[in-house]
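Okay, so here's the structure we're looking at.
Please read all numbers here as calculations on a predicted model, not as lab measurements. Just follow the structure's listing: the first ligand is 1, and inside any ligand the first atom is 1. Worth knowing before you read on, the calculation uses all heavy atoms, side chains too, and leaves out hydrogens, waters and symmetry mates. Nothing fancy with the numbering, it's 1 onward along the sequence.
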Amino acid sequence: MTRLFEPIGCKVDLSTGAMANATGSYQKRFRDLDGLYADAAAFEAMRATWGERIVYEVSEFRPTDQSGDLIFGVTRMAPGRVGDEYFMTRGHIHRQADRPEIYYGQKGHGLMLMESPEGEVRILPMDAQTVCYVPPFWIHRSINVGDDDLVMLFCYPADSGQDYEIIARSGGMRSRVVAGDGGWRQVDNPDWRPRDAKLISALYGQSGMVPA
Ligand SMILES: O=P(O)(O)OC[C@H]1O[C@](O)(CO)[C@@H](O)[C@@H]1O
Ligand SMILES: [Fe+2]
């Protein structure tokens, strides 16, 4: 007989970003994020005071890692900038690249920065009560452009996995988000290199799916 997984409810504490009944959590401290930001000198200047501080933390619930199941959780990201570039997550594509993800903004003001394998860029707002759909094959990174914590719920297929190397291999994401006059603005990353056709077709080939 099939043994069913026990249903569970998880209360989210908006002041801390913690989720009750989480099966795991991790924290990314400032010092863990060396190399992520364009302004290396600004990063070094902040290291003494910021080094041990948490930039973002994740609490998650992973029932199983089986295809068809879901992983969900909450990310809390502090407000701040390195030089003029806002705090952000490392960013990744799913190791099984055809797996999508949903985010739901709960507190603060954020952006979801997305990049297709071919290098198209999309930016969606991630404010409270905004649902953001990250379709299959899009590299994704969240950014806190507000003055307060950014708290977001996320949910994705349990067999997705994460590949962080795709961003490193291209010299970062194609766009960066920096402080502009009265808000954020998108700037080109001069270090960005396009992915070659072989890598792109390997990503799509995983699923045999051809993008529209
Ligand atoms: O894994 P990264 O790119 O550091 O960013 C963390 C965020 O992405 C996730 O890995 C979900 O895909 C969450 O853990 C969290 O929302
Ligand atoms: Fe993801």
Side-chain angles (χ1 to χ4, degrees), residues 10 12-14 16-19 21-37 53-65 67 69-80 82 85-117 122-128 130-146 149-170 172-177 203 206-207:
C10 300
V12 176
D13 181 340
L14 280 191
T16 62
M19 186 180 74
N21 298 324
T23 58
S25 64
Y26 65 85
Q27 301 170 332
K28 288 288 162 198
R29 294 175 191 277
F30 187 83
R31 59 171 156 76
D32 300 324
L33 303 174
D34 201 356
L36 199 60
Y37 298 93
R53 293 191 199 164
I54 295 167
V55 174
Y56 64 94
E57 57 191 333
V58 174
S59 50
E60 62 179 18
F61 191 87
R62 287 182 183 243
T64 70
D65 56 5
S67 155
D69 210 340
L70 293 170
I71 294 169
F72 61 91
V74 174
T75 304
R76 181 195 67 83
M77 187 168 10
V82 176
E85 193 173 15
Y86 291 102
F87 280 0
M88 58 190 176
T89 59
R90 292 167 295 174
H92 56 261
I93 193 168
H94 290 153
R95 193 162 291 285
Q96 301 227 48
D98 63 346
R99 301 303 196 256
E101 185 158 353
I102 288 283
Y103 286 77
Y104 182 51
Q106 303 214 281
K107 184 175 132 180
H109 298 286
L111 301 174
M112 187 61 66
L113 171 64
M114 289 167 277
E115 181 179 313
S116 72
R122 302 282 187 275
I123 298 181
L124 290 182
M126 276 292 307
D127 296 333
T130 307
V131 181
C132 173
Y133 171 57
V134 179
F137 301 109
W138 287 82
I139 298 164
H140 46 286
R141 154 180 289 165
S142 40
I143 303 172
N144 187 352
V145 293
D149 275 358
L150 174 67
V151 179
M152 306 165 295
L153 180 135
F154 61 83
C155 183
Y156 60 98
D159 61 353
S160 302
Q162 280 94 4
D163 172 3
Y164 297 94
E165 284 304 302
I166 193 166
I167 296 179
R169 280 203 301 268
S170 283
M173 289 185 74
R174 188 172 193 170
S175 292
R176 292 187 177 275
V177 174
L203 286 168
Q206 286 179 343
S207 63

- Residue portion contacting ligand 1 (non-hydrogen atoms closer than 4.0 Å) for F72: neither
- Task: Check the pair S142, M126 against side-chain contact (heavy atoms from CB on, under 4.5 Å), reporting the backbone distance first and the verdict last.
- Result: CA-CA 8 Å; S142 40; M126 276 292 307; 5.7 Å; no
- Could an N or O of ligand 1 be found under 3.5 Å from any N or O of R90, whether backbone or side chain? yes
- On the 0 to 90° scale, with breaks at 30° and 60°, tag the Y156-H94 ring pair as parallel, tilted or perpendicular. parallel
- Message: To the nearest 0.5 Å, what is the distance between OH on Y26 and OG1 on T75?
- Response: 6.5 Å
- Message: Using a 4.0 Å cutoff against the non-hydrogen atoms of V58, which atoms of ligand 1 qualify?
- Response: 14 (O), 15 (C)
- Does M88 reach the side chain of L113, with side-chain heavy atoms less than 4.5 Å apart? no
- Message: Considering only residues two or more places apart or on different chains, which pairs with a residue in residues 105-116 satisfy salt bridge (charged side-chain N to carboxylate O under 4.0 Å, His left out)?
- Response: E115-R195
- Heavy atom under 4.0 Å from ligand 1: found in E101's side chain, backbone, both, or neither? side chain
- Task: For the residue pair F72 and F61, categorise the inter-ring angle as parallel (less than 30°), tilted (30 to 60°) or perpendicular (more than 60°).
- Result: parallel
- Query: For atom 5 (O) of ligand 1, what's the nearest protein heavy atom and its distance?
  - Reply: T89 CB, 3.5 Å
- Distance-minimising heavy-atom pair for P117 and F137: CD-O, 3.2 Å
- Message: List ligand 1 atoms under 4.0 Å from G91, heavy atoms only on the residue side.
- Response: 3 (O)
- Identify the protein heavy atom lying closest to atom 1 (O) of ligand 1, giving its residue, its atom name and the separation to 0.1 Å. Y164 OH, 2.6 Å
- Query: Knowing that exactly one of R90, Q27, K28 qualifies, which makes a side-chain hydrogen bond (donor to acceptor under 3.5 Å, both in side chains) with Y56?
  - Reply: R90
- Message: Heavy-atom pairs closer than 4.0 Å: do any link ligand 1 to the side chain of Q162, the backbone, both, or neither?
- Response: side chain
- Winner among I93, T75, I139 once heavy atoms are compared against atom 7 (C) of ligand 1: T75
- Message: I want to verify a count. Protein N, O or S atoms less than 2.8 Å away from the Fe ion (ligand 2), how many are there?
- Response: 4
- Message: If you define the side chain from C-beta out and look only at heavy atoms, does anything of Y133 sit under 4.5 Å from L124?
- Response: no
- State whether the shortest distance between N or O atoms of Y26 and N or O atoms of ligand 1 falls below 3.5 angstrom. yes
- Query: Which residues pass the salt bridge (charged side-chain N to carboxylate O under 4.0 Å, His left out) test with R29, sequence neighbours left out?
  - Reply: none
- Message: Tell me which pairs pass salt bridge (charged side-chain N to carboxylate O under 4.0 Å, His left out) where either residue lies in residues 151-164, with sequence neighbours left out.
- Response: R99-D159
- Item | Y103: numbered ligand 1 atoms lying under 4.0 Å from its heavy atoms | 8 (O), 11 (C), 12 (O), 16 (O)
- Message: So V58 and F154, do their side chains get closer than 4.5 Å, heavy atoms only?
- Response: yes
- Per-atom filter on ligand 1: closer than 4.0 angstrom to a heavy atom of Y56 are 2 (P), 4 (O), 6 (C)
- Message: Under a 4.0 angstrom heavy-atom cut-off, which atoms of ligand 1 come close to H92?
- Response: 1 (O), 2 (P), 3 (O), 8 (O), 9 (C), 10 (O), 12 (O)
